[in-house]
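To start, the structure itself, in structure tokens.
Keep in mind that what you see is a predicted model, and the values were worked out from it rather than measured. What's counted below: heavy atoms across the whole structure, side chains too, no hydrogens, waters or symmetry copies.
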Amino acid sequence: MLSSTWNFIKRHKRKFIFAGVFVGGVYLLGKYAQRKIQEMQEREAAEYITQARRQFHFESNQRTCNMTVLSMLPTLREAIIHHLNSESITALLKTKPANKLEIWEDLKIISFTRSIVAVYSTCMLVVLLRVQLNIIGGYLYLDNSVTKNGTAPLAPPDVQQQYLSSIQHLLGEGLIELITVVKKAVLEVLGPVSLKQSLSLQELEQQLTQIRQLVEEGCASSKHKSLSWYMMPDEENTLASQACGLTENDVTTIKLLNETRDMLESPDFTTVLRTCLSRGFIRFLDNMSEFFRPPIFQVCEQLSHVSLPLAKIIPIINGQIHSICSEIPSHFAQDLLLIDQVKEFAANVYETFSTPQELQK
């Protein structure tokens, strides 16, 4: 019995060896596949956790953006009122001066200028802070979640403070230049319009459209082709102009400023800003429409048929800055912050700067 079994094994030795190798290979292959599946599951779980953490950080960053915008609106409002102080002119008119008509003309230009500047600068503040805080937010995410190997942080606190202080350009030199350009456009469009002339809401919208065209398409007095200049100074005016004595933090800040400038000059940013401006001027006209409602006994009369003398429109226009630049409640700013294009653009900026550079290559 044993002899026959041994002879059988010898005759089919190769088959047994092949079967053994095959069974062993299948076993090893199964173990390998099992290990790979486990690794893939662990990698997917890690990626999910990372994505969830980044999403949570992004959403938290957007809330910070919103709060920062609202907290800066009073500062912006005071800066505009400081440069376009219609209150002093109104007080002068109450003294019944001899040149009353001339003072009314000044009030007309200043009132329209400061409300239009308020719309422009608020829109700029919203989109600029969205860019800046999402660039910083992306780098902070990398500092907290990726760079754990002892390397220097991408955005240390001193750099953050220095970088974010560049918003002062919009509140200072940029705002002054914007006021100059808008005032020239207002003078050109509304200067010839008599204080006694009546305007409907539609005609007022047409006047605003003409002013916007002069400002945005470049009137003769404008030295800047892009609205981005009002938000950030020219590159030669930054820290880079200090040829020597730059610290490591200065170099990092310059890098952030250059990255921000690239964003502001991108077609996507231009589209988002234009969307904000369109929404802003629509809200501005919506606020004005409340004063163009027909009397109760003329309810059948259409809104477009109601006209007001320009002299009566001026005080209404003059007070709009308090609605536009109001922090609480700020329906104007909230409208801008809720625009889908603003949210999508913010997400793209954050995605770009929260992704490790080696993954972008």
Under 4.0 Å between a Lys/Arg side-chain N and an Asp/Glu carboxylate O for [X] and [Y]?
X: E259; Y: K255; answer: yes
X: E217; Y: R274; answer: no
X: R279; Y: D335; answer: no

Atom CD of E248 with >12 non-hydrogen neighbours under 6.0 angstrom
no
Whether [X] side chain and [Y] backbone form a donor-acceptor pair below 3.5 Å:
X: D143; Y: L154; value: yes
X: K183; Y: I110; value: no
X: S111; Y: I317; value: no
X: N85; Y: S88; value: yes
X: S165; Y: Q162; value: yes
X: T95; Y: L92; value: yes
X: S326; Y: S323; value: no
X: Q160; Y: A155; value: yes

Atom CG in L129, atom OG1 in T64: separation rounded to 0.5 Å?
11.5 Å
Output the distance between atom CG (L310) and atom OG (S194), rounded to the nearest 0.5 Å.
7.5 Å
Under the salt bridge (charged side-chain N to carboxylate O under 4.0 Å, His left out) criterion, do E344 and R130 qualify, and how do the steps go?
CA-CA 11 Å; E344 292 169 6; R130 267 291 190 272; over 6 Å; no
For the ring pair Y350 and F345, is the centre-to-centre distance below 6.0 Å?
no
Chi angles and distances behind the side-chain contact (heavy atoms from CB on, under 4.5 Å) call for E203, Q207:
CA-CA 6 Å; E203 290 169 333; Q207 301 287 337; 5.6 Å; no
